Amino acid sequence: MLALRLTRAARPAVQLRRLLVAAASAGTGFLLLSCLGYALDRPEAAGGGALRLAWCAVPLAATVYLALAVARTDPGTRPRPGLSAVGLGPARLMAISALTTALSCTVGSLLALLFFLHLRGDLRGLPFDGAAADFLAAGRPLPVPAALTLLALAPAAASATVALVFRPTDPRPAPRSALRLGGFGAHGRAAAKDTFGSYGRFGTGTRTRTAGTGPDAAEAHSEGGRATGAAQTPREHSRTSALVGADGTVSAPEATLPAPGAAADAEPTGQDTGPDAAEAAPSAVTVPAPVGKVPADLPWGIALLAAGLTVHAYAGRSGPAPSLTTLPGEAVTVLLGWLLTTVGFVLAAPGLTHLCGLLLQCARPGALRLLAGRVLMSEAGRIGRPLGVVCAVASAGYAMTLYSGSAPSFGPLTALGALLVAGCTVATLLTAAVEARQCRADTIAALLRLGAPATMLRGAAALRVAALLALFGPLTAMIAALAALPAAR
């Protein structure tokens, strides 16, 4: 019920993305039902029906990919502070996302069933003068269990994928045990650390000692600054305790480092500490977060692209381009080549996007190029992979047009499958761009508050798009030409 309410109360943009998922599910369901109709109409051609059903795995994967991208940008299932107190923890939000995705895909599957029955003439007679009766088995009874099983593939696969990706994980980092040097002959680890709050309880960490020389001052320094002087304020004590633990181990937060020159002041010298000993506590300096993690899959992507092109060259020796409805040995080799090429595109695209952001910032960049390049570098992982999938699909489509005289003939179902895959990949890329903009909402608001004009932000977005097109457009055309070159000879 909560998933239905969230679906009904969503904004128009969210509803549009869910309608795209429903449309993709409807197209996939119709292709699956068409394979069933082909098998019913030609029971002797079992191999051809199985091959057509196997080809439906490509639009099914594209539909699941789009459903996952839409689920990521759904604001109704985004974790917020305080939701766990009302019973909406990570597991409940994951279940709501999976149910919402299943609901959208189920609506699309039902629409596919209605359209399939309409074309078969089971509702009001044969439309289009019976033109679709050849591949839909209009004169044969439809097996209901088989049809329902095929229609349930898209909702089940999409919801299971969303539940697997959004499964709750433990946000706490793994505990790191600190080692300390024991006394002479000591073995094993140190004793357990003090609990939270025990250091400052009952005046343990704020007691004062008389400053001076001798064993007392040396003991005060060796114990990690628990008694550094007679005039240590609570704020200075908290700064010191953030770097020196209660048990004598030195630990610093992940995002803080001691200020330069403070380490020399904090060294125990055995001299008179005096009232200025409290000022010797090292201050914390915030380290800025990195712009974006450099993707490490670029060499693997380039290697897989080269392997895919090599497989295409090997397949081109045996003859012309294979047909899509038969599966000889050449077709298996071509499919393997395109699989390697697609994986190579997906792995190499984040690194190429990061490199594109670096190139935008070369040669004394201004504010516009600097902003566009930094955004590309920080969003390389989020934008790069959907962009790689789009480039792989565009490369495959362009390569099919380069086959000279041996290109297979495309029927209505093949055209529907190609349109479905292309539309799902482009919609996934646009949805990933929407997700990236949602993640940068605070940065955009801060820039607007600082007085940055909105035209500069739009110009930076246009510059990013132009840079990506300038890099990935020729690369896609080159890969398609190299893949189709052996078969075109």
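Everything quoted here is computed from the prediction, not taken from an experiment.
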I'd like to know if the side chain of [X] and the backbone of [Y] have a donor-acceptor N/O pair within less than 3.5 Å.
X: Ser25; Y: Cys105; value: yes
X: Arg369; Y: Ala363; value: yes
X: Arg18; Y: Leu103; value: no

With a 4.5 Å heavy-atom cut-off, do [X] and [Y] have their side chains touching?
X: Phe166; Y: Leu93; value: no
X: Glu379; Y: Arg440; value: yes
X: Leu335; Y: Trp55; value: yes

Between Thr414, Leu53, Leu420, which is the residue that forms a side chain to side chain contact (heavy atoms under 4.5 Å, CB included) with Leu31?
->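 Testing each of Thr414, Leu53, Leu420 against Leu31, the sole residue satisfying side chain to side chain contact (heavy atoms under 4.5 Å, CB included) is Leu420.
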Given Leu33, Leu36, Thr28, the one that forms side chain to side chain contact (heavy atoms under 4.5 Å, CB included) with Leu151 = Leu33
Do Ser395 and Thr476 have side-chain atoms, one donor and one acceptor, less than 3.5 Å apart?
->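 On atom types as modelled, these side chains do not qualify, holding no pair under 3.5 Å.
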Please determine, by modelled atom types, if Gln361 and Arg374 share a side-chain donor-acceptor pair under 3.5 angstrom.
-> yes
Is any side-chain N of the basic residue among Arg17 and Asp74 closer than 4.0 Å to the acidic one's carboxylate O?
->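 Not counted as a salt bridge, because no side-chain N and carboxylate O are separated by less than 4.0 Å.
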Checking side chain to side chain contact (heavy atoms under 4.5 Å, CB included) for the pair Arg382/Cys439: CA distance, chi angles, key distance, verdict?
-> CA-CA 10 Å; Arg382 184 178 286 110; Cys439 295; 3.7 Å; yes
Tell me, with the steps shown, if Leu148 and Val144 meet side chain to side chain contact (heavy atoms under 4.5 Å, CB included).
-> CA-CA 6 Å; Leu148 294 181; Val144 178; 3.9 Å; yes
Test log, rule side chain to side chain contact (heavy atoms under 4.5 Å, CB included), inputs Leu142 and Arg120 | CA-CA 10 Å; Leu142 182 67; Arg120 277 173 49 92; 4.0 Å; yes
Between Phe115 and Phe30, how do the two ring planes meet: parallel, tilted or perpendicular, split at 30° and 60°?
-> tilted
When you look at Cys35 and Cys56, which way does the side chain to side chain contact (heavy atoms under 4.5 Å, CB included) test go after all the steps?
-> CA-CA 9 Å; Cys35 295; Cys56 292; 3.4 Å; yes
